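This report concerns only the one structure given below.
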Amino acid sequence: MSEKQLSKLFGLENSHQIDVYIEQDGYRAVKKALSELTPETILDLVKAANLRGRGGAGFPAGIKWGFVPKGVDKPKYLCVNADEGEPGTIKDRYLMTNVPHLLLEGIIITCYCVGIHVAYIYIRGEYEMVAQRLEQAIAEAHAQGYLGNNILESGFDLEVYVHRGAGAYICGEETALLESLEGKRGNPRLKPPFPASIGLFQCPTVINNVETLANVPSIILKGAGWFCQQGLPKDGGTRLFGVSGMVQKPGVYELPTGSNLRDLIFQHAGGMKEGKRLKAVIPGGMSSPVLKADEIDIPLDGDSLMEAKSMLGSGAVIVIDEETSMLDVLKIITDFYSHESCGQCTPCRVGNPWIRKIVHRLCQGIGGPDDIDNVRRLADNIMGKTLCPLGDAAAMPILSLTEKFREELITSLNERRQES
Amino acid sequence: MISHYPNKEAALLPILHLAQKEQGFISASTEKQVAKILEISPAKVHEVVTFYTMYNRKPVGKYHIQVCANLSCSLLGAGSLIEYLGGKLGIQPGETTEDDRFTLTLVQCLGACEQAPCFMINFDYYGDLDETKIDEILDKLE
(Lines give C-alpha, C1' and ligand atoms only; values in the text may rest on other atoms or scores of the structure.)
Protein backbone atom coordinates (compact mmCIF):
# COMPACT_ATOMS: atom_id res chain seq x y z
CA MET A 1 0.00 0.00 0.00
CA SER A 2 1.43 3.35 -0.90
CA GLU A 3 1.53 6.39 1.34
CA LYS A 4 1.31 10.02 0.41
CA GLN A 5 4.75 11.51 0.73
CA LEU A 6 4.72 14.67 -1.31
CA SER A 7 1.22 15.94 -0.66
CA LYS A 8 0.61 14.77 2.90
CA LEU A 9 0.97 18.31 4.25
CA PHE A 10 -1.05 19.96 1.48
CA GLY A 11 -3.92 21.76 3.14
CA LEU A 12 -2.28 21.88 6.59
CA GLU A 13 -2.35 25.46 7.82
CA ASN A 14 1.00 27.24 7.38
CA SER A 15 2.68 24.08 6.09
CA HIS A 16 5.09 26.38 4.26
CA GLN A 17 6.53 27.72 7.51
CA ILE A 18 9.61 26.04 8.91
CA ASP A 19 8.25 25.58 12.45
CA VAL A 20 5.12 23.83 11.21
CA TYR A 21 7.19 21.77 8.81
CA ILE A 22 9.62 20.69 11.55
CA GLU A 23 6.72 19.77 13.84
CA GLN A 24 5.64 17.37 11.10
CA ASP A 25 9.04 15.64 11.19
CA GLY A 26 10.56 18.01 8.67
CA TYR A 27 14.34 18.23 8.20
CA ARG A 28 14.84 14.79 9.75
CA ALA A 29 16.13 13.53 6.42
CA VAL A 30 18.72 16.32 6.24
CA LYS A 31 19.85 15.58 9.79
CA LYS A 32 20.16 11.88 9.04
CA ALA A 33 21.97 12.45 5.74
CA LEU A 34 24.50 14.92 7.10
CA SER A 35 25.25 13.10 10.36
CA GLU A 36 24.94 9.42 9.49
CA LEU A 37 25.42 8.97 5.75
CA THR A 38 28.31 9.54 3.39
CA PRO A 39 27.74 11.07 -0.06
CA GLU A 40 28.56 7.66 -1.57
CA THR A 41 25.91 5.92 0.53
CA ILE A 42 23.31 8.47 -0.53
CA LEU A 43 24.19 8.04 -4.19
CA ASP A 44 23.85 4.26 -3.84
CA LEU A 45 20.49 4.70 -2.10
CA VAL A 46 19.05 6.97 -4.79
CA LYS A 47 20.39 4.70 -7.53
CA ALA A 48 18.88 1.64 -5.83
CA ALA A 49 15.56 3.47 -5.51
CA ASN A 50 15.75 4.15 -9.25
CA LEU A 51 14.13 7.54 -8.71
CA ARG A 52 13.10 8.60 -12.19
CA GLY A 53 12.92 12.27 -13.10
CA ARG A 54 9.51 13.87 -12.75
CA GLY A 55 10.04 16.69 -15.22
CA GLY A 56 9.21 14.88 -18.41
CA ALA A 57 12.12 12.78 -19.65
CA GLY A 58 12.05 10.30 -16.75
CA PHE A 59 15.83 9.86 -16.52
CA PRO A 60 16.99 8.19 -13.25
CA ALA A 61 18.27 10.89 -10.87
CA GLY A 62 20.97 8.76 -9.26
CA ILE A 63 22.57 7.96 -12.60
CA LYS A 64 22.47 11.66 -13.53
CA TRP A 65 24.24 12.58 -10.29
CA GLY A 66 26.78 9.82 -10.92
CA PHE A 67 27.77 11.42 -14.24
CA VAL A 68 29.23 14.45 -12.46
CA PRO A 69 33.01 14.01 -12.66
CA LYS A 70 34.92 13.74 -9.40
CA GLY A 71 38.08 15.64 -8.54
CA VAL A 72 37.47 18.47 -10.99
CA ASP A 73 38.99 21.76 -9.93
CA LYS A 74 35.85 23.77 -10.66
CA PRO A 75 32.72 24.61 -8.71
CA LYS A 76 29.70 22.41 -9.32
CA TYR A 77 26.12 23.58 -9.46
CA LEU A 78 22.62 22.30 -8.92
CA CYS A 79 19.88 23.86 -11.02
CA VAL A 80 16.37 23.12 -9.89
CA ASN A 81 14.01 23.15 -12.81
CA ALA A 82 10.90 24.98 -11.57
CA ASP A 83 10.04 26.42 -14.96
CA GLU A 84 6.82 24.36 -15.19
CA GLY A 85 5.74 25.55 -18.61
CA GLU A 86 4.31 22.38 -20.12
CA PRO A 87 0.62 23.18 -20.61
CA GLY A 88 -1.48 21.31 -18.06
CA THR A 89 1.32 21.07 -15.51
CA ILE A 90 0.64 22.48 -12.06
CA LYS A 91 2.27 20.08 -9.62
CA ASP A 92 5.49 21.94 -8.86
CA ARG A 93 3.52 25.06 -7.99
CA TYR A 94 1.62 23.00 -5.41
CA LEU A 95 4.85 21.60 -3.99
CA MET A 96 6.64 24.93 -3.76
CA THR A 97 3.61 26.72 -2.35
CA ASN A 98 2.69 24.12 0.26
CA VAL A 99 6.00 22.53 1.20
CA PRO A 100 8.92 24.68 0.06
CA HIS A 101 11.03 23.15 2.82
CA LEU A 102 10.53 19.66 1.39
CA LEU A 103 12.15 20.94 -1.80
CA LEU A 104 14.94 22.59 0.21
CA GLU A 105 15.57 19.30 2.03
CA GLY A 106 15.86 17.54 -1.30
CA ILE A 107 18.24 20.24 -2.52
CA ILE A 108 20.46 20.09 0.57
CA ILE A 109 20.78 16.29 0.44
CA THR A 110 21.43 16.28 -3.31
CA CYS A 111 24.10 18.94 -3.01
CA TYR A 112 25.75 17.14 -0.09
CA CYS A 113 25.75 13.94 -2.15
CA VAL A 114 27.29 15.49 -5.26
CA GLY A 115 29.56 17.99 -3.50
CA ILE A 116 27.75 21.15 -4.59
CA HIS A 117 27.84 24.43 -2.69
CA VAL A 118 25.61 26.67 -4.81
CA ALA A 119 22.11 25.80 -6.04
CA TYR A 120 19.78 27.89 -8.18
CA ILE A 121 16.04 27.40 -8.32
CA TYR A 122 15.05 28.50 -11.82
CA ILE A 123 11.38 29.37 -11.49
CA ARG A 124 9.10 30.68 -14.23
CA GLY A 125 8.63 34.42 -13.92
CA GLU A 126 4.84 34.25 -13.69
CA TYR A 127 5.20 32.38 -10.38
CA GLU A 128 6.33 35.56 -8.59
CA MET A 129 4.25 34.78 -5.51
CA VAL A 130 5.74 31.29 -5.34
CA ALA A 131 9.25 32.71 -5.80
CA GLN A 132 8.70 35.00 -2.83
CA ARG A 133 7.55 32.06 -0.75
CA LEU A 134 10.70 30.16 -1.69
CA GLU A 135 12.86 33.13 -0.70
CA GLN A 136 11.08 33.28 2.63
CA ALA A 137 11.68 29.55 3.14
CA ILE A 138 15.36 29.96 2.27
CA ALA A 139 15.67 32.77 4.83
CA GLU A 140 14.00 30.59 7.48
CA ALA A 141 16.28 27.65 6.70
CA HIS A 142 19.31 29.96 6.96
CA ALA A 143 18.17 31.26 10.33
CA GLN A 144 17.85 27.73 11.70
CA GLY A 145 21.18 26.52 10.37
CA TYR A 146 19.94 24.32 7.51
CA LEU A 147 21.59 26.52 4.89
CA GLY A 148 24.73 28.65 4.84
CA ASN A 149 28.11 27.70 6.25
CA ASN A 150 28.74 24.56 8.28
CA ILE A 151 25.18 23.25 8.09
CA LEU A 152 24.23 21.50 11.36
CA GLU A 153 27.94 21.47 12.33
CA SER A 154 28.65 19.04 9.52
CA GLY A 155 31.24 21.18 7.79
CA PHE A 156 29.07 21.28 4.66
CA ASP A 157 28.25 24.69 3.12
CA LEU A 158 25.39 25.51 0.76
CA GLU A 159 23.72 28.63 -0.62
CA VAL A 160 20.43 28.47 -2.53
CA TYR A 161 19.25 31.30 -4.79
CA VAL A 162 15.93 31.81 -6.55
CA HIS A 163 16.29 32.87 -10.18
CA ARG A 164 13.22 34.09 -12.06
CA GLY A 165 12.62 33.28 -15.69
CA ALA A 166 10.80 35.77 -17.87
CA GLY A 167 8.27 33.92 -19.97
CA ALA A 168 9.69 31.31 -22.34
CA TYR A 169 8.51 27.69 -22.49
CA ILE A 170 11.82 26.63 -24.00
CA CYS A 171 13.65 27.45 -20.75
CA GLY A 172 12.20 24.28 -19.24
CA GLU A 173 14.58 22.43 -21.58
CA GLU A 174 17.66 21.90 -19.43
CA THR A 175 20.32 23.49 -21.61
CA ALA A 176 18.07 26.45 -22.49
CA LEU A 177 17.57 26.86 -18.76
CA LEU A 178 21.34 27.07 -18.32
CA GLU A 179 21.65 29.69 -21.06
CA SER A 180 18.84 31.68 -19.49
CA LEU A 181 20.42 31.49 -16.05
CA GLU A 182 23.63 32.84 -17.57
CA GLY A 183 21.69 35.90 -18.73
CA LYS A 184 21.15 34.94 -22.35
CA ARG A 185 18.35 34.04 -24.73
CA GLY A 186 17.04 30.56 -23.98
CA ASN A 187 18.55 28.82 -26.98
CA PRO A 188 19.24 25.15 -26.22
CA ARG A 189 22.80 23.86 -26.47
CA LEU A 190 24.05 21.01 -28.57
CA LYS A 191 24.65 17.86 -26.51
CA PRO A 192 27.25 16.47 -25.86
CA PRO A 193 28.87 17.90 -23.84
CA PHE A 194 26.22 17.08 -21.26
CA PRO A 195 25.58 19.49 -18.39
CA ALA A 196 26.99 16.95 -15.90
CA SER A 197 30.46 17.73 -17.27
CA ILE A 198 30.02 21.19 -18.87
CA GLY A 199 26.92 22.95 -17.63
CA LEU A 200 26.23 26.22 -15.88
CA PHE A 201 29.13 28.70 -16.26
CA GLN A 202 31.03 25.88 -18.02
CA CYS A 203 31.06 23.87 -14.78
CA PRO A 204 29.69 20.42 -13.88
CA THR A 205 25.96 20.81 -13.24
CA VAL A 206 23.06 18.69 -12.06
CA ILE A 207 19.60 19.71 -13.26
CA ASN A 208 16.58 18.15 -11.56
CA ASN A 209 12.89 18.86 -11.52
CA VAL A 210 11.24 20.12 -8.31
CA GLU A 211 9.19 16.96 -7.76
CA THR A 212 12.21 14.72 -8.35
CA LEU A 213 14.13 16.46 -5.57
CA ALA A 214 11.10 16.44 -3.27
CA ASN A 215 11.24 12.62 -3.36
CA VAL A 216 14.79 12.46 -2.03
CA PRO A 217 14.05 13.04 1.70
CA SER A 218 11.70 10.07 1.99
CA ILE A 219 14.23 7.80 0.24
CA ILE A 220 16.79 8.85 2.87
CA LEU A 221 14.39 8.20 5.74
CA LYS A 222 12.66 5.06 4.54
CA GLY A 223 15.12 3.46 2.17
CA ALA A 224 15.29 2.39 -1.44
CA GLY A 225 13.34 -0.83 -0.85
CA TRP A 226 10.42 1.08 0.59
CA PHE A 227 10.49 3.52 -2.33
CA CYS A 228 10.40 0.72 -4.89
CA GLN A 229 7.40 -0.80 -3.12
CA GLN A 230 5.47 2.40 -3.74
CA GLY A 231 4.39 2.13 -7.32
CA LEU A 232 6.25 -0.17 -9.68
CA PRO A 233 9.52 -1.97 -8.93
CA LYS A 234 11.44 -0.27 -11.75
CA ASP A 235 9.56 3.02 -11.58
CA GLY A 236 8.92 3.50 -7.90
CA GLY A 237 7.39 6.12 -5.69
CA THR A 238 4.31 8.18 -6.04
CA ARG A 239 3.69 10.92 -8.57
CA LEU A 240 1.75 14.12 -8.49
CA PHE A 241 -0.73 14.08 -11.34
CA GLY A 242 -2.34 17.33 -12.35
CA VAL A 243 -5.79 16.87 -13.81
CA SER A 244 -7.49 19.66 -15.74
CA GLY A 245 -10.13 20.13 -18.38
CA MET A 246 -13.66 18.74 -18.38
CA VAL A 247 -13.62 16.92 -15.04
CA GLN A 248 -15.64 17.47 -11.89
CA LYS A 249 -12.67 17.95 -9.58
CA PRO A 250 -9.61 19.29 -11.37
CA GLY A 251 -6.53 19.35 -9.14
CA VAL A 252 -3.37 17.57 -8.06
CA TYR A 253 -3.54 13.91 -7.02
CA GLU A 254 -0.69 11.90 -5.55
CA LEU A 255 -0.83 8.29 -6.68
CA PRO A 256 1.68 5.46 -7.01
CA THR A 257 3.29 5.15 -10.42
CA GLY A 258 1.40 2.53 -12.37
CA SER A 259 -2.01 3.73 -11.18
CA ASN A 260 -4.74 3.51 -13.79
CA LEU A 261 -5.45 6.59 -15.90
CA ARG A 262 -9.17 5.83 -16.03
CA ASP A 263 -9.31 5.66 -12.22
CA LEU A 264 -7.45 8.95 -11.94
CA ILE A 265 -10.04 10.66 -14.12
CA PHE A 266 -13.22 8.89 -13.06
CA GLN A 267 -12.55 8.24 -9.36
CA HIS A 268 -10.03 10.74 -8.05
CA ALA A 269 -10.98 13.66 -10.29
CA GLY A 270 -14.68 12.85 -9.98
CA GLY A 271 -15.33 11.93 -13.60
CA MET A 272 -16.61 14.11 -16.39
CA LYS A 273 -18.42 17.39 -15.76
CA GLU A 274 -22.17 16.97 -15.73
CA GLY A 275 -23.61 16.04 -19.08
CA LYS A 276 -20.19 15.73 -20.74
CA ARG A 277 -18.80 12.62 -22.38
CA LEU A 278 -15.14 11.75 -22.72
CA LYS A 279 -13.57 12.12 -26.14
CA ALA A 280 -9.81 12.23 -25.59
CA VAL A 281 -7.09 12.58 -22.98
CA ILE A 282 -3.69 14.21 -23.19
CA PRO A 283 -1.87 12.15 -20.55
CA GLY A 284 1.45 13.90 -19.86
CA GLY A 285 1.32 17.56 -20.80
CA MET A 286 0.55 19.06 -24.16
CA SER A 287 3.50 17.48 -25.95
CA SER A 288 2.36 13.94 -25.21
CA PRO A 289 0.44 12.16 -27.96
CA VAL A 290 -3.31 12.15 -27.40
CA LEU A 291 -5.23 9.05 -26.27
CA LYS A 292 -8.75 8.27 -27.43
CA ALA A 293 -11.49 7.54 -24.89
CA ASP A 294 -11.11 3.79 -25.38
CA GLU A 295 -7.34 3.93 -24.79
CA ILE A 296 -7.30 5.23 -21.23
CA ASP A 297 -7.44 1.94 -19.36
CA ILE A 298 -3.70 2.13 -18.94
CA PRO A 299 -1.16 2.23 -16.09
CA LEU A 300 0.41 5.62 -15.50
CA ASP A 301 4.08 4.88 -15.81
CA GLY A 302 6.68 5.76 -18.39
CA ASP A 303 6.97 2.32 -19.98
CA SER A 304 3.22 1.63 -20.26
CA LEU A 305 2.52 4.97 -21.90
CA MET A 306 5.45 4.54 -24.25
CA GLU A 307 3.97 1.20 -25.32
CA ALA A 308 0.75 3.05 -26.07
CA LYS A 309 2.85 5.44 -28.21
CA SER A 310 2.31 8.31 -25.82
CA MET A 311 4.29 9.48 -22.80
CA LEU A 312 3.94 10.12 -19.09
CA GLY A 313 5.79 13.42 -19.41
CA SER A 314 5.09 15.74 -16.51
CA GLY A 315 2.00 13.83 -15.35
CA ALA A 316 -0.33 16.56 -16.57
CA VAL A 317 -3.61 15.03 -17.64
CA ILE A 318 -5.90 17.17 -19.82
CA VAL A 319 -9.40 15.79 -20.30
CA ILE A 320 -11.31 16.65 -23.47
CA ASP A 321 -15.06 16.15 -23.93
CA GLU A 322 -17.16 15.04 -26.91
CA GLU A 323 -18.43 18.55 -27.69
CA THR A 324 -14.96 20.02 -28.11
CA SER A 325 -13.78 20.09 -31.70
CA MET A 326 -10.41 18.45 -32.17
CA LEU A 327 -9.75 20.98 -34.91
CA ASP A 328 -9.87 23.69 -32.23
CA VAL A 329 -7.60 21.61 -30.01
CA LEU A 330 -5.18 21.26 -32.91
CA LYS A 331 -5.27 25.02 -33.41
CA ILE A 332 -4.34 25.68 -29.77
CA ILE A 333 -1.51 23.14 -29.95
CA THR A 334 -0.09 24.69 -33.12
CA ASP A 335 -0.48 28.22 -31.74
CA PHE A 336 1.51 27.21 -28.71
CA TYR A 337 4.49 25.57 -30.39
CA SER A 338 4.64 28.16 -33.10
CA HIS A 339 4.83 30.84 -30.39
CA GLU A 340 7.35 28.99 -28.24
CA SER A 341 9.89 27.83 -30.82
CA CYS A 342 13.15 29.57 -29.87
CA GLY A 343 14.00 30.04 -33.53
CA GLN A 344 17.35 28.32 -33.51
CA CYS A 345 16.62 25.27 -35.71
CA THR A 346 15.02 25.82 -39.10
CA PRO A 347 12.58 22.86 -39.11
CA CYS A 348 11.00 24.05 -35.85
CA ARG A 349 11.20 27.81 -36.52
CA VAL A 350 9.70 27.57 -40.00
CA GLY A 351 7.70 24.36 -39.72
CA ASN A 352 5.59 25.27 -36.72
CA PRO A 353 4.30 28.63 -38.02
CA TRP A 354 3.63 26.97 -41.38
CA ILE A 355 1.55 24.25 -39.73
CA ARG A 356 -0.21 26.93 -37.71
CA LYS A 357 -1.13 28.86 -40.84
CA ILE A 358 -2.66 25.78 -42.46
CA VAL A 359 -4.59 24.85 -39.33
CA HIS A 360 -5.93 28.38 -38.93
CA ARG A 361 -7.15 28.23 -42.52
CA LEU A 362 -8.83 24.89 -41.86
CA CYS A 363 -10.57 26.42 -38.85
CA GLN A 364 -12.04 29.04 -41.17
CA GLY A 365 -13.27 26.33 -43.53
CA ILE A 366 -10.57 27.00 -46.12
CA GLY A 367 -8.66 24.06 -47.56
CA GLY A 368 -9.22 20.38 -48.15
CA PRO A 369 -8.44 17.00 -46.61
CA ASP A 370 -5.03 16.98 -48.32
CA ASP A 371 -4.08 19.88 -46.04
CA ILE A 372 -4.18 17.43 -43.15
CA ASP A 373 -1.59 15.41 -45.03
CA ASN A 374 0.44 18.59 -45.52
CA VAL A 375 0.31 19.24 -41.78
CA ARG A 376 1.47 15.67 -41.13
CA ARG A 377 4.27 15.94 -43.67
CA LEU A 378 5.50 19.16 -42.09
CA ALA A 379 5.30 17.72 -38.56
CA ASP A 380 7.20 14.68 -39.75
CA ASN A 381 9.90 17.00 -41.08
CA ILE A 382 10.30 18.58 -37.63
CA MET A 383 10.36 15.28 -35.73
CA GLY A 384 13.90 14.31 -34.79
CA LYS A 385 15.43 17.13 -36.80
CA THR A 386 16.04 19.73 -34.12
CA LEU A 387 18.68 20.34 -31.44
CA CYS A 388 16.31 20.05 -28.54
CA PRO A 389 13.13 18.11 -27.77
CA LEU A 390 10.81 21.05 -28.53
CA GLY A 391 10.65 19.96 -32.15
CA ASP A 392 9.46 16.50 -31.16
CA ALA A 393 7.19 18.00 -28.51
CA ALA A 394 5.42 19.94 -31.24
CA ALA A 395 5.34 17.16 -33.81
CA MET A 396 4.14 14.34 -31.55
CA PRO A 397 0.74 15.72 -30.52
CA ILE A 398 0.10 17.00 -34.05
CA LEU A 399 0.92 13.63 -35.62
CA SER A 400 -1.15 11.65 -33.12
CA LEU A 401 -4.14 13.97 -33.28
CA THR A 402 -4.23 14.08 -37.07
CA GLU A 403 -3.94 10.30 -37.20
CA LYS A 404 -6.50 9.40 -34.56
CA PHE A 405 -9.05 12.10 -35.36
CA ARG A 406 -8.59 12.44 -39.10
CA GLU A 407 -12.24 11.71 -39.90
CA GLU A 408 -13.45 14.22 -37.34
CA LEU A 409 -11.07 16.88 -38.63
CA ILE A 410 -12.41 16.40 -42.17
CA THR A 411 -16.01 16.57 -40.94
CA SER A 412 -15.28 19.78 -38.99
CA LEU A 413 -13.56 21.27 -42.00
CA ASN A 414 -16.55 20.50 -44.23
CA GLU A 415 -18.98 21.97 -41.70
CA ARG A 416 -16.97 25.15 -41.41
CA ARG A 417 -16.62 25.37 -45.17
CA GLN A 418 -20.39 25.40 -45.46
CA GLU A 419 -20.69 27.99 -42.71
CA SER A 420 -18.14 30.34 -44.24
CA MET B 1 21.81 40.58 -6.78
CA ILE B 2 24.99 40.43 -8.83
CA SER B 3 26.74 38.68 -5.93
CA HIS B 4 24.57 35.60 -6.42
CA TYR B 5 26.46 34.76 -9.59
CA PRO B 6 30.08 34.20 -10.55
CA ASN B 7 29.76 36.69 -13.41
CA LYS B 8 27.80 39.88 -13.85
CA GLU B 9 25.99 38.94 -17.03
CA ALA B 10 24.00 36.25 -15.21
CA ALA B 11 22.21 38.99 -13.29
CA LEU B 12 20.65 40.30 -16.51
CA LEU B 13 17.19 38.73 -16.13
CA PRO B 14 16.82 39.74 -12.45
CA ILE B 15 17.96 43.30 -13.18
CA LEU B 16 15.51 43.61 -16.05
CA HIS B 17 12.74 42.40 -13.74
CA LEU B 18 13.76 45.06 -11.25
CA ALA B 19 13.83 47.77 -13.91
CA GLN B 20 10.38 46.76 -15.12
CA LYS B 21 9.03 46.78 -11.57
CA GLU B 22 10.23 50.38 -11.21
CA GLN B 23 9.33 51.68 -14.65
CA GLY B 24 6.60 49.40 -15.91
CA PHE B 25 8.45 48.53 -19.09
CA ILE B 26 11.94 48.27 -20.57
CA SER B 27 12.83 51.27 -22.70
CA ALA B 28 15.78 51.56 -25.07
CA SER B 29 17.53 53.82 -22.60
CA THR B 30 16.99 51.29 -19.80
CA GLU B 31 18.56 48.65 -22.02
CA LYS B 32 21.62 50.88 -22.44
CA GLN B 33 21.85 51.58 -18.71
CA VAL B 34 21.58 47.90 -17.83
CA ALA B 35 24.26 47.09 -20.41
CA LYS B 36 26.57 49.60 -18.76
CA ILE B 37 26.01 48.21 -15.27
CA LEU B 38 26.65 44.64 -16.36
CA GLU B 39 29.46 45.56 -18.77
CA ILE B 40 27.85 43.85 -21.76
CA SER B 41 26.77 45.26 -25.11
CA PRO B 42 23.36 46.94 -25.46
CA ALA B 43 22.66 44.53 -28.32
CA LYS B 44 22.99 41.63 -25.92
CA VAL B 45 20.48 43.21 -23.55
CA HIS B 46 18.12 43.94 -26.44
CA GLU B 47 18.20 40.37 -27.70
CA VAL B 48 17.26 39.13 -24.24
CA VAL B 49 14.49 41.69 -23.77
CA THR B 50 12.95 40.70 -27.10
CA PHE B 51 13.26 36.96 -26.45
CA TYR B 52 11.26 36.76 -23.21
CA THR B 53 7.56 37.58 -23.31
CA MET B 54 7.34 39.02 -19.80
CA TYR B 55 9.43 42.08 -20.57
CA ASN B 56 7.13 44.83 -21.78
CA ARG B 57 8.66 46.90 -24.51
CA LYS B 58 6.08 49.64 -24.20
CA PRO B 59 4.18 51.01 -21.19
CA VAL B 60 1.28 48.93 -19.91
CA GLY B 61 -1.75 49.92 -17.87
CA LYS B 62 -1.81 50.06 -14.10
CA TYR B 63 -3.45 46.64 -14.22
CA HIS B 64 -1.95 44.24 -16.72
CA ILE B 65 -4.48 41.49 -17.30
CA GLN B 66 -2.85 38.42 -18.84
CA VAL B 67 -5.41 35.84 -19.86
CA CYS B 68 -4.48 32.24 -20.53
CA ALA B 69 -5.60 31.15 -23.99
CA ASN B 70 -4.11 27.67 -23.79
CA LEU B 71 -5.91 24.32 -23.85
CA SER B 72 -7.33 23.69 -20.37
CA CYS B 73 -8.59 27.27 -20.13
CA SER B 74 -10.02 27.19 -23.65
CA LEU B 75 -11.86 23.94 -22.93
CA LEU B 76 -13.61 25.78 -20.11
CA GLY B 77 -14.56 28.89 -21.99
CA ALA B 78 -11.51 31.18 -22.11
CA GLY B 79 -12.44 32.22 -25.64
CA SER B 80 -15.76 33.79 -24.69
CA LEU B 81 -14.28 35.32 -21.52
CA ILE B 82 -11.59 37.02 -23.59
CA GLU B 83 -14.32 38.50 -25.79
CA TYR B 84 -16.25 39.56 -22.70
CA LEU B 85 -13.19 41.24 -21.17
CA GLY B 86 -12.36 42.98 -24.42
CA GLY B 87 -15.94 44.25 -24.67
CA LYS B 88 -16.03 45.36 -21.06
CA LEU B 89 -12.76 47.25 -21.32
CA GLY B 90 -13.35 48.42 -24.86
CA ILE B 91 -10.01 47.13 -26.12
CA GLN B 92 -8.59 44.28 -28.16
CA PRO B 93 -5.92 41.92 -26.79
CA GLY B 94 -2.59 43.73 -26.96
CA GLU B 95 -4.15 47.12 -26.28
CA THR B 96 -4.32 49.47 -23.31
CA THR B 97 -7.38 51.47 -22.24
CA GLU B 98 -7.24 55.20 -22.90
CA ASP B 99 -7.08 56.01 -19.20
CA ASP B 100 -4.02 53.73 -18.91
CA ARG B 101 -5.72 51.59 -16.30
CA PHE B 102 -5.91 48.27 -18.11
CA THR B 103 -3.82 46.35 -20.62
CA LEU B 104 -5.22 43.11 -21.99
CA THR B 105 -2.77 40.44 -23.14
CA LEU B 106 -3.31 36.84 -24.22
CA VAL B 107 -0.68 34.49 -22.86
CA GLN B 108 0.23 30.84 -22.97
CA CYS B 109 -0.36 28.42 -20.08
CA LEU B 110 0.07 30.11 -16.67
CA GLY B 111 0.37 26.81 -14.79
CA ALA B 112 -2.95 27.16 -12.99
CA CYS B 113 -4.95 24.73 -15.12
CA GLU B 114 -6.89 23.32 -12.17
CA GLN B 115 -8.49 26.78 -11.82
CA ALA B 116 -9.22 27.17 -15.53
CA PRO B 117 -10.16 29.55 -16.95
CA CYS B 118 -7.66 31.84 -15.29
CA PHE B 119 -5.80 35.12 -15.68
CA MET B 120 -3.27 37.12 -13.80
CA ILE B 121 -3.54 40.79 -12.96
CA ASN B 122 -0.02 42.04 -12.43
CA PHE B 123 1.33 39.13 -10.36
CA ASP B 124 -1.93 37.99 -8.76
CA TYR B 125 -3.64 34.87 -10.08
CA TYR B 126 -7.42 34.58 -10.39
CA GLY B 127 -9.11 31.34 -11.37
CA ASP B 128 -12.44 29.62 -11.97
CA LEU B 129 -13.47 32.73 -13.86
CA ASP B 130 -16.86 33.53 -15.29
CA GLU B 131 -18.40 36.83 -16.29
CA THR B 132 -19.79 37.57 -12.82
CA LYS B 133 -16.48 36.83 -11.16
CA ILE B 134 -14.61 39.01 -13.65
CA ASP B 135 -17.01 41.88 -12.86
CA GLU B 136 -16.38 41.44 -9.14
CA ILE B 137 -12.61 41.29 -9.52
CA LEU B 138 -12.44 44.40 -11.70
CA ASP B 139 -14.85 46.30 -9.45
CA LYS B 140 -12.58 45.72 -6.47
CA LEU B 141 -9.57 47.27 -8.18
CA GLU B 142 -8.85 50.88 -7.33
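Order of the sequence lines fixes the chain letters, A, B, ..., with proteins taken first and strands second; residue numbering starts at 1 for each chain. The structure displayed is predicted, hence computed values, not measured ones.
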## Note on the structure
What one should report as the nearest heavy-atom pair of B/Leu13 and A/Gly183 is CD1-CA, 4.2 Å

Considering only heavy atoms, give the residues of [range] separated from chain A by less than 4.5 Å, sorted numerically, with 'none' for an empty result.
range	result
residues 82-91 of chain B	none
residues 24-36 of chain B	none
residues 48-62 of chain B	B/Val48, B/Thr50, B/Phe51, B/Tyr52, B/Thr53, B/Met54, B/Tyr55
residues 105-119 of chain B	B/Gln108, B/Cys109, B/Leu110, B/Gly111, B/Ala112, B/Cys113, B/Glu114, B/Gln115

### Query
Got A/Tyr161 and B/Tyr5 here, is their nearest side-chain heavy-atom distance under 4.5 Å?
no

### Heavy-atom side-chain proximity of A/Met129 to B/Asp124 below 4.5 angstrom
yes

### Message
Counting only non-hydrogen atoms closer than 4.5 Å, does B/Ala11 touch chain A with its backbone (N, CA, C, O), its side chain (CB onward), both, or neither?
### Response
neither

### Task
Below 4.5 Å from any heavy atom of chain A, which atoms of B/His4 appear? Answer side chain, backbone, both or neither.
both

Please classify the contact between [X] and chain B as side chain, backbone, both or neither, with a heavy-atom cut-off of under 4.5 Å.
X	value
A/Ile318	side chain
A/Thr89	backbone
A/Glu159	neither
A/Phe336	both
A/Val247	neither
A/Ile333	neither
A/Cys171	side chain
A/Glu182	backbone
A/Tyr169	neither

### Message
Rounded at 0.5 Å granularity, tell me how far CG in A/Asp321 sits from CG in B/Leu76.
### Response
8.5 Å

### Test log, rule side chain to side chain contact (heavy atoms under 4.5 Å, CB included), inputs A/Lys184 and B/Glu9
CA-CA 8 Å; A/Lys184 302 169 191 158; B/Glu9 188 182 346; 3.7 Å; yes

### Query
Hey, which of A/Glu128, A/Arg185, A/Lys331 has the most heavy atom pairs under 4.5 Å with chain B?
A/Arg185

### Task
For each of A/His339, A/Glu323, A/Glu84, tally heavy-atom pairs with chain B at distances under 4.5 Å, and name the one with the top tally.
A/His339

